[in-house]
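Side chains included, hydrogens not; waters and symmetry mates left out as well; all remaining heavy atoms used.
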Amino acid sequence: MRKLSRQAIAERVARDIPDGAYVNLGIGLPTLVANFLPQDREVLLHSENGLLGMGPAPSPGEEDPDLINAGKQPVTLLTGGCFFHHADSFAMMRGGHIDICVLGAFQVAVNGDLANWHTGEDDAIPAVGGAMDLAIGAKQTFVMMELFTRQGVSKLVEACTCPITAPRCVSRIYTDVGVIAVGPCGAQVLELIDGLSLDALRQLVGVPLADAREGQAA
């Protein structure tokens with residue numbers, strides 16, 4: 001069984017972003033999605049520090065220290081891109097003007113609850129950022145993450161034990177072993193990597209998983 005690389009997960013997320021969408025890519029893994037958006041689609045990338053129209057990461061040596069995303073990473077700006085006040089940026093997020101946000105997560109529950117700002121451990125450093133505003137304000141929330149921690153613990157859980165960022169906001173998680181829909185109907189497997197059976201995944205994850213793959217029995 002060969003798990004998907006982080007780049008492959010980002011490419012998979014990019015395929016599901018429709019033409020004309022306004023999208024916010026969260027800090028960390030989700031920023032990789034910008035590098036895989038199809039050239040024949042117009043997707044407007046938003047960053048909560050006040051950017052709209054971001055392009056892929058700059059080539060080495062072409063970074064502009066004044067042009068960064070919310071994670072302080074150098075970015076590029078496409079023709080027609082613009083800058084605006086931080087307050088206006090958050091008004092876009094809270095006002096429902098972002099179609100999709102792609103976020104990382106510590107845990108996602110089968111009902112779509114998201115936990116991504118604090119592990120709950122005493123010595124952990126919280127990182128609130130704009131995730132709460134995005135998770136509530138965006139029309140869809142995708143999560144991009146490796147499905148298991150380094151200790152082999154599943155991040156897809158029956159109920160989050162980490163502090164919640166937002167309730168019932170996630171519709172789909174993109175992982176290194178496949179794509180899983182979450183929400184009112186529970187967790188439903190949409191895709192799996194070659195060499196991994198659904199029964200094996202059920203044992204690893206430990207939560208009910210329905211089979212929603214095309215042509216497969218539920």
Enquirer: Just checking, any donor-acceptor pair under 3.5 angstrom between side chains of Ser47 and Asn49?
Expert: yes
Enquirer: Transitive ILVMFWY cluster of Phe84 at side-chain heavy atoms under 4.5 Å: who else is in it?
Expert: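 Direct or chained contacts put Phe84 with Tyr22, Leu44, Leu52, Met92.
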Enquirer: What closest approach, in Å, do Asp176 and Glu146 show between heavy atoms, and which atom pair accounts for it?
Expert: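 It is OD1-CA, 3.6 Å.
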Enquirer: Ignoring hydrogens, what is the shortest heavy-atom contact between Leu4 and Ala8? Give both atom names and the distance.
Expert: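 Heavy-atom minimum between the residues: CB-CB, 4.0 Å.
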Enquirer: Could you tell me the separation between the CG atom of Leu204 and the CG atom of Leu156, rounded to the nearest 0.5 Å?
Expert: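 Nearest 0.5 Å value for the CG-CG distance: 12.0 Å.
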Enquirer: How many angstroms lie between CG in Asp64 and CG in Asp66, if you round to the nearest 0.5 Å?
Expert: 5.0 Å
Enquirer: Please name the pair of heavy atoms, one in Ile164 and one in Cys160, separated by the smallest distance, quoted to 0.1 Å.
Expert: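 Of all heavy-atom pairs spanning Ile164 and Cys160, the closest is CD1-CB, 3.5 Å.
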Enquirer: According to ring pair (Phe, Tyr, Trp, His ring centres under 6.0 Å), who are the partners of His86, at least two apart in sequence or on a separate chain?
Expert: Phe90
Enquirer: Minimum heavy-atom separation for Leu25 and Ala34, please, with both atom names.
Expert: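 It is CD1-N, 3.6 Å.
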Enquirer: One pair to check against side-chain contact (heavy atoms from CB on, under 4.5 Å): Leu209 and Leu198. What are the steps and the verdict?
Expert: CA-CA 8 Å; Leu209 294 172; Leu198 182 57; 4.3 Å; yes
Enquirer: With side-chain contact (heavy atoms from CB on, under 4.5 Å) as the criterion, how do Leu29 and Tyr174 come out once you've worked through the C-alpha distance, each side chain's angles and the decisive distance to 0.1 Å?
Expert: CA-CA 11 Å; Leu29 279 184; Tyr174 296 82; over 6 Å; no
Enquirer: Treating Ile, Leu, Val, Met, Phe, Trp and Tyr as nodes and any side-chain heavy-atom pair under 4.5 angstrom as an edge, say whether Ile173 and Leu32 lie in one connected cluster.
Expert: yes
Enquirer: Throw together a table of side-chain donor-acceptor distances under 3.5 angstrom for residues 182-194, partners on residues two or more places apart or in other chains.
Expert:
unit_1: Glu191; atom_1: OE1; unit_2: Arg12; atom_2: NE; d: 3.0
unit_1: Glu191; atom_1: OE2; unit_2: Arg12; atom_2: NE; d: 3.2
unit_1: Glu191; atom_1: OE2; unit_2: Arg12; atom_2: NH2; d: 2.6

Enquirer: Strictly distance-based, threshold 3.5 Å: is any side-chain N or O of Arg41 a donor or acceptor partner for the main-chain N or O of Ile17?
Expert: yes
Enquirer: For Pro38 and Ala14, which heavy atoms make the closest approach, and how far apart are they?
Expert: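 Looking at all heavy atoms of both residues, the closest pair is CD-O, 4.2 Å.
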Enquirer: What pairs of donor and acceptor atoms, side-chain ones from residues 68-82 against any protein atom, are under 3.5 angstrom apart with sequence neighbours left out?
Expert:
unit_1: Asn69; atom_1: OD1; unit_2: Gly71; atom_2: N; d: 2.9
unit_1: Asn69; atom_1: OD1; unit_2: Lys72; atom_2: N; d: 3.2
unit_1: Asn69; atom_1: OD1; unit_2: Gln73; atom_2: N; d: 2.9
unit_1: Asn69; atom_1: ND2; unit_2: Gln73; atom_2: OE1; d: 3.2
unit_1: Gln73; atom_1: OE1; unit_2: Thr31; atom_2: OG1; d: 3.4
unit_1: Thr76; atom_1: OG1; unit_2: Pro56; atom_2: O; d: 2.5

Enquirer: Any sub-3.5 Å donor-acceptor pair from Asp113's side-chain atoms to Pro167's backbone N or O?
Expert: no
Enquirer: Checking the side chain of Gln203 only, and the main-chain atoms of Leu201 only, is there a donor and an acceptor separated by less than 3.5 Å?
Expert: no
Enquirer: Shared ILVMFWY cluster between Ile27 and Leu51, side chains joined below 4.5 angstrom?
Expert: no
Enquirer: If you round to the nearest 0.5 Å, how far is OG of Ser5 from CZ of Arg2?
Expert: 8.0 Å
Enquirer: Do Phe83 and Met54 sit in the same hydrophobic cluster, where Ile, Leu, Val, Met, Phe, Trp and Tyr count as joined when their side-chain heavy atoms come under 4.5 Å apart?
Expert: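 Linked within one cluster.
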Enquirer: Determine yes or no for a side-chain-to-main-chain donor-acceptor pair under 3.5 angstrom, with Ser197 supplying the side chain and Ala200 the backbone.
Expert: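 Indeed, once roles are kept as given, a pair shorter than 3.5 Å links the two residues.
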Enquirer: Yes or no on side-chain contact (heavy atoms from CB on, under 4.5 Å) for Arg172 and Ile180, after CA distance, side-chain angles and deciding distance?
Expert: CA-CA 6 Å; Arg172 185 172 289 193; Ile180 303 172; over 6 Å; no
Enquirer: Is there side-chain contact between Val23 and His46, with at least one heavy-atom pair below 4.5 Å?
Expert: no
Enquirer: I'd like to know whether CZ of Arg6 has more than 12 heavy-atom contacts from other residues, nucleotides or ligands below 6.0 angstrom.
Expert: no
Enquirer: Mind checking the NZ-CG spacing from Lys155 to Leu147? Nearest 0.5 Å is all I need.
Expert: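 Answer rounded to 0.5 Å: 8.0 Å.
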Enquirer: Specify the closest pair of heavy atoms between Val207 and Val110, including all atoms of both residues, with the distance to one decimal.
Expert: CG2-CG1, 3.9 Å
Enquirer: What's the verdict on side-chain contact (heavy atoms from CB on, under 4.5 Å) for Phe148 and Lys3, showing C-alpha distance, side-chain angles and the deciding distance?
Expert: CA-CA 11 Å; Phe148 302 97; Lys3 294 183 179 180; 4.2 Å; yes
Enquirer: At what distance, to the nearest 0.5 angstrom, does CZ of Phe36 lie from CZ of Arg15?
Expert: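 Taking CZ in Phe36 and CZ in Arg15, the distance rounds to 12.0 Å.
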Enquirer: Please report, to 0.1 Å, the donor-acceptor pairs under 3.5 Å made by any side chain of residues 127-145, with sequence neighbours excluded.
Expert:
unit_1: Asp133; atom_1: OD2; unit_2: Arg94; atom_2: NE; d: 2.5
unit_1: Asp133; atom_1: OD2; unit_2: Arg94; atom_2: NH2; d: 2.9
unit_1: Lys139; atom_1: NZ; unit_2: Asp99; atom_2: OD1; d: 3.2

Enquirer: Linking I/L/V/M/F/W/Y whenever their side-chain heavy atoms sit closer than 4.5 Å, directly or via other members, would Val157 and Leu114 fall into one cluster?
Expert: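 Shared cluster, no.
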Enquirer: With a 3.5 Å cut-off and sequence neighbours excluded, list the donor-acceptor pairs that the side chains of residues 100-107 form with protein atoms.
Expert:
unit_1: Gln107; atom_1: OE1; unit_2: Thr161; atom_2: N; d: 2.8
unit_1: Gln107; atom_1: OE1; unit_2: Thr161; atom_2: OG1; d: 3.4
unit_1: Gln107; atom_1: OE1; unit_2: Cys162; atom_2: N; d: 2.9
unit_1: Gln107; atom_1: NE2; unit_2: Thr161; atom_2: OG1; d: 3.0

